[in-house]
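Inspection log for the structure reproduced underneath, given as C-alpha cells.
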Amino acid sequence: MPDIVTQSQSESSKSKTKAKSRYLRRKKERRKARKSAAPRKTGDKPLEKHISNDEDESAGEDTDSESEDNETEAKVIVIPKTDGQQKAKKEMRKENSDERPEKRRKVVDEEDIQMAEADSSPKPDSQEHAHIPTSMDKPVRKSISPRPALSAFPLPAAPEAPPKSVLALQGLDQAMLGATTVNPGISISIVDEQEDITFALSERTRKRLLELGITELFAVQTALLPFLLPKAPLQRCLYMPFDPPRDVCVSAPTGSGKTLAYVIPILEILSSRTVTHLRALVVLPTRDLVTQVRETFEAIGKGHGLKIGVATGQHSFAHEQAQLIADKSSQLRGGSSKVDILICTPGRLIDHLTGTPNFSLQHLRFLVIDEADRLLAQSFQDWLAQVLAATRPALHHQPQALSRGHVSTEIPFADALAPNFLGCLQANSFVADNDETKHSSCQKLLFSATLTRDPGKLAALDLRSPQYFVVQSDTAAGIDEPVGVVTDRFTMPATLNEHMIVCESSQKPLLLFHLIQNHNVRNALVFTKSSESTARLVKLFQCFEAARASEERATVIRAYSSDLAAGERKIILDKFKAQEVDILVCSDLISRGIDISHVSHVVSYDVPVDMRKYVHRVGRTARAGRTGEAWTLVEEQEARYFKSMLKASDHLNRVKRLRVSENDLSSLAGPYQIALQNLKEMYTR
Ligand SMILES: Nc1ncnc2c1ncn2[C@@H]1O[C@H](COP(=O)(O)OP(=O)(O)OP(=O)(O)O)[C@@H](O)[C@H]1O
C-alpha cells in the first residue's frame, strides 16, 4: 500500500511539474506578445513604471511597493490602451479563465491621475510653479497628500467703541471744531474810558449803558464785541462788497446777555448811515420775544437816531405796511423802508416779503436769528430759503426781482441799489468802474443756549466762513473735547440750584402747594405739559387757596397759555413783571428767551420732554448772575427716563434729590380734599 501511495504521489508531482512549466511557458509567450503589441513612440522616455488596466497581479504589486519606497523618485507614465493591447488582453483572459480568477485590483485611471495633478498643483503665483509639471515627471499614487485643514478665521467681535467726543466730531465742519471757547467768569468794566480801547464803543453808547446800570460787559459780550466791532473803519462799513464779513454762531447759557451782544454792534455800525434802508433784521420765534428785543434796542439805541420796527401780526397787515414802507406806490428797485431795524417773527416776515411792494432785503447788513435751533427746526413756508434768496440778486438778474410787486424795464435809481445788486442793471445802461464780483454785505448772526450741532441744518444757512463762540467753563469741557458745541452738553448758569422730587402722580398738586407754602415762593413760573393742564392746575390752586382760608395774603396764581388772546397774555405778563401776580402757570410758550429778572423759582410740574426744553425752562431763573431755584416733579414711572436724560447730558450730578415726607403733606391734606371736591362740582355744573 505504501508503494502504491508513493507511485501515485510521484505521478501527481510529475503532472504538477508539467502544469507549472506549461504555465510558465504561456506566461513567457504572453509577455512576448505584449511587448510586440505595444510599439514605443519615437522620443518617448524609457519606461520606469507602467501602469495599465491589463497589468498582471505581480506587476501591480511590484508597482505599489516601489512607489512606496521611492515616492519622490518614482516616475509613472500612463500609456493609453492600444487596440493591440486590448486584443491580447482578451485572448489572455480567455486562456486563463480556467486557471485562476482574476483578483480585483486597485485601478488607477488616467482621469484620476489628471485630477490628482490638478488638485496638488501649486498655486499660480507661488514660486514653485516656475516648473510646470507634466504627467511624465509627476508622482501619482502617493503624491496626493491629505489637504491641511483650513486655517480658522477669527470669530466676529465688535470693535471697541470710539470715545463719545470722537463720535460727536463726526460730520462737523472745521469751523465748529475751531470754535472760540469763552470763560463765563470773564467780565470787563466799561466805567473807565481807558479800558474801552478793545471794543471801541462810542461815547454815546457807553453813556447809555451806564445810564441803564450796565457797568461791565458779560463774557459773551467781551468775545462778540471786538469781533463784530473791529477798530478798522473799513470793517465797520455798511457795505462790504469786496471783503464781506464772516458769519457768527454763538452758544451761551441762558441769561448770559446774548441780546446785548448783538444789539450793541448793530446800533454802533448802523448809526453811521445817512439814508434809511432796512439794514438789520432780527428774527425771533414768538411775539413776546419780539417785544422784549425791541425794548432792548430802544433802550440802548436812544439818541442814535435809528428807527426800529416790528412785524408780528399783532396789528393788521396794512397797518404794518404803513409802519415799514415809506413809498408803496413808486416802482423802486432798491426798495423803500421807514425803518433801519426790523424785529419780526418768521411768518409775518414772509408775508411782507411776498406781499409788500418795495419791501427789500438787499441792503441788509445784519441778519440775526435768535433762538436759532428753534427757528431752524421751523420749516414754515421754507422761510429761511426765502429770506436768504432776498439778500442776493436773482440768478437770472431780472430787474423785477429786485423788489417785490413791481415790474419795470426803466433804468432804476442807481443810488437805491445795494452794491451787489448793481449787476442787475442792464449792461448798456450802467457802466461800473470795477468789474469785480460784489458780494452781499449781510452778516448772519446765530444765537442760542442750545445751538444746533446738526450740520445739515447749519448748511441751510449758507454761512460764510463762520466763527463759533461757545461760552462754557473749563470744567465743562473734557480734555479730549475741544468745545461743548460738539457734544450734547449745555452749560447752565453757575448760580442755578436744581432739584428733583420723585412722587406719585396723584400727589403732585398737593406737593406743589406744599413747596409753595413751605418755601414761601413768590415770583415763580410753573411749567405744565399743555394749556389744558395749565387751566386745571390754576383752578385747583385757586380752590385750595379759598379752602385754606389763611390769614396770610393769598397767593395770586394765573394761567399763561396759547388759549389766551395776545392782549390778555400781555396784560398777565405785565402784571407778573409788576409782581401783582405771584405765580404764572404756563406751557412751554414762554420757556424760551423771556427775561423777567425777579423770577426766583422755576417749577417743572410736568417733566420736560427733552434736555433742550429743560435747559430753557430752568433758564428763566438765575439770570444775569442772580441766584435761582429749579424744581422738577417727577412721577415714579418717569424717574428712570428723566435721570437718563440728565445723565446723557452729563448733568445728573447737578440735580439733587429733594424728599418730602407724608407728614409734611398731612397739614395741607384737609384743604386739599375740600379743593378737590369744589373743583369737581365746578366741572359738573
Ligand atoms: N453787561 C450786562 N450787565 C448787566 N446786565 C446785563 C448785561 N448784559 C445783559 N444783562 C441783562 O441780563 C439779562 C439776560 O440777558 P439776555 O436776555 O440777553 O440773556 P440771553 O443770553 O439772551 O438768555 P436766553 O438764552 O434765556 O434768551 C437781561 O435782563 C439783560 O438786561
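Throughout, numbering of the chain's residues begins at 1 and tracks the sequence. Whatever order the structure lists ligands and atoms in, that order sets their numbers, starting from 1.
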Problem - Ring centre gap for Tyr605 and Phe527 strictly below 6.0 Å - result: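 Not close enough - the centres of the two rings lie 6.0 Å or further apart.
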Handout entry: Main-chain N/O of Lys307 paired with Asp340 side-chain donor or acceptor, under 3.5 Å
Key =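 Checking the backbone N and O of Lys307 against the side chain of Asp340, a donor-acceptor pair under 3.5 Å is found.
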Quick one, [X] and [Y] - any side-chain contact, counting heavy atoms below 4.5 Å?
| X | Y | answer |
| --- | --- | --- |
| Ile369 | Lys444 | no |
| Ser561 | Ser587 | yes |
| Leu451 | Phe490 | no |

Exercise for the section: Could you name the protein residues that come within less than 4.0 Å of ligand 1, counting only heavy atoms, and order them by chain and residue number? Expected result: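 Close residues (ligand 1, cut-off 4.0 Å): Ile214, Glu216, Leu217, Phe218, Gln221, Pro253, Thr254, Gly255, Ser256, Gly257, Lys258, Thr259, Leu260, Glu371, Gly593, Asp595, Arg620, Arg623, Ala624.
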Problem - Residue among Ile583, Asp582, Leu537 satisfying side-chain contact (heavy atoms from CB on, under 4.5 Å) with Ile557 - result: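 Between Ile557 and the candidates, side-chain contact (heavy atoms from CB on, under 4.5 Å) is satisfied uniquely by Ile583.
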